[in-house]
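The chains referred to below are lettered A, B, ... by the order of the sequence lines, with proteins before strands, and numbering in each begins at 1. The figures that follow rest on heavy atoms only: side chains count, while hydrogens, waters and symmetry mates do not. Predicted model, so just to flag it, every value in this text is computed and none were measured.
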There are 2 protein chains.
Amino acid sequence: MRRDVFQGIADPTRREILNMVAHRPLNMDTVAEHFDVSRTAIYKHIKILIECGLVDVKQQGRERYCEAKLQKLGEVSDWIDQYREFWETKLDALEKYINELQSKANTETKKKKNYGKQK
Amino acid sequence: MRRDVFQGIADPTRREILNMVAHRPLNMDTVAEHFDVSRTAIYKHIKILIECGLVDVKQQGRERYCEAKLQKLGEVSDWIDQYREFWETKLDALEKYINELQSKANTETKKKKNYGKQK
DNA sequence: TAATTGTGCAACCTTTTGGTTTCACAAATA
DNA sequence: TATTTGTGAAACCAAAAGGTTGCACAATTA
């Protein structure tokens with residue numbers, strides 16, 4: 001099964017768990033008590049968070065403390081950043097494309113993109 | 001079914017679709033041809049992207065052009081930003097918690113968080 | 001007009017997701 | 001020692017995700 005950060009944060013319960021343990025490490029049951037689904041259900045969510053590297057577990061006596069490893073969020077952040085200009089300049093894809101066409105027409109540059117209909 | 005941006009970008013195929021149409025609007029089949037799964041499978045992905053507001057469709061004759069609406073990525077970006085200090089300062093949750101404890105001990109402030117074991 | 005092209009959708013399938021209840025077990029506590 | 005507490009895991013379930021094939025149909029093109 002696919003286990004990447006994007007999937008890790010896809011579920012709202014998991015984002016809530018992350019938010020809890022981001023502030024301070026918490027043991028399993030403390031996390032679970034915060035939700036109205038079963039303890040086991042929360043364990044499964046935590047397991048997924050562990051598998052995709054967003055949470056780390058430290059044993060302490062019989063308790064297991066979850067702590068957030070938020071560095072992984074950087075992957076998502078980086079992915080988004082490459083598109084930031086598309087929305088922060090208030091241009092949508094179409095406007096941006098038209099701009100590209102116009103500058104191409106003006107400077108007679110050769111094609112760089114390859115998604116076009118090539119038939 | 002849940003339809004938010006987090007879920008929209010959870011699937012790698014959908015991220016790839018988004019990347020394609022971010023650069024310029026493309027009609028359905030052009031997008032579909034780029035993948036080795038069936039056209040219908042890609043349509044379903046596009047449908048999800050539409051439902052969570054990341055893609056918009058413009059009819060043009062019998063063709064339907066998908067264009068990216070990347071503003072929605074801002075929601076994810078904002079969510080991540082609230083945790084940025086946790087990883088960019090190179091502190092993990094535990095260190096940060098210890099720091100919090102220390103400053104509390106020093107200034108005798110009252111508790112603000114409520115995730116603690118209150119039993 | 002006939003054939004092709006771009007699309008939508010229904011029906012169906014398998015795997016994953018998100019949940020449950022139940023049992024087991026070791027550590028801490030009365 | 002007996003009980004409570006924190007955890008793990010198995011067995012099971014319904015629904016959602018992600019995929020398929022096949023048909024329908026209107027717009028375009030030969």
Gln60(A) to Tyr65(A) - nearest heavy-atom pair and separation |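 That would be OE1-CD1, 3.8 Å.
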Which heavy atom of Ala22(B) sits nearest a heavy atom of Leu70(B), and at what distance?
->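 So the two residues come closest at CB-CD1, 3.8 Å.
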Using the six-membered ring wherever Trp is involved, compare the ring planes of Tyr83(A) and Phe86(A) and label them parallel, tilted or perpendicular (cut-offs 30° and 60°).
->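 Plane angle between 30° and 60°, so tilted.
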Asp4(B) bridged to Arg15(A) by N-O distance under 4.0 Å =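 A salt bridge links Asp4(B) with Arg15(A).
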For [X] and [N], what is the distance between atoms [atom1] and [atom2] respectively, to the nearest whole Å?
X	N	atom1	atom2	result
His45(A)	dG18(C)	NE2	P	6 Å
Asp4(A)	dT16(C)	CG	C1'	14 Å
Glu63(A)	dT5(D)	CD	P	12 Å
Leu26(B)	dG6(C)	CG	C1'	14 Å
Ile46(A)	dG19(C)	CD1	P	12 Å
Tyr43(A)	dG19(C)	OH	P	15 Å
Asp11(B)	dG19(D)	CG	P	6 Å
Leu49(B)	dG18(D)	CG	P	11 Å

If only side-chain N and O atoms of Gln59(A) are considered, is one of them under 4.0 Å from the OP1 or OP2 phosphate oxygen of dT7(D)?
->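 Gln59(A) to dT7(D) OP1/OP2: no side-chain N or O under 4.0 Å.
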Within less than 4.0 Å of OP1 or OP2 of dT16(C), is there a side-chain N or O belonging to Arg3(A)?
->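 So the side-chain polar atoms of Arg3(A) never come under 4.0 Å of the phosphate oxygens OP1 or OP2 of dT16(C).
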Contact pattern, 5' to 3', of nucleotides 20-30 of chain C - B, S or - by protein heavy atom under 4.0 Å = BBB----BS--
Under 3.5 Å, side chain of His34(A) to main-chain N/O of Thr30(A), donor-acceptor pair present?
->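 Checked: no pair found.
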Can you tell me if Arg3(A) uses its side chain to pair, donor with acceptor, with the backbone of Ile50(A) under 3.5 Å?
->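 The answer is no, because no donor-acceptor pair under 3.5 Å joins these two groups.
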Among dG18(D), dT7(D), dT7(C), the nucleotide that comes nearest once only the side chain of Asp29(A) is considered |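 When the side chain of Asp29(A) is considered, dT7(D) is the closest of dG18(D), dT7(D), dT7(C).
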By ring pair (Phe, Tyr, Trp, His ring centres under 6.0 Å), which residues pair with Tyr43(B), not counting sequence neighbours?
->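 Applying ring pair (Phe, Tyr, Trp, His ring centres under 6.0 Å) to Tyr43(B) gives none.
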Where each residue is assigned the nucleotide of DNA chain C containing its nearest heavy atom, which of Ile48(A) and Met28(B) is assigned the position nearer the 5′ end?
->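 Taking each residue's closest nucleotide, the earlier one in sequence belongs to Met28(B).
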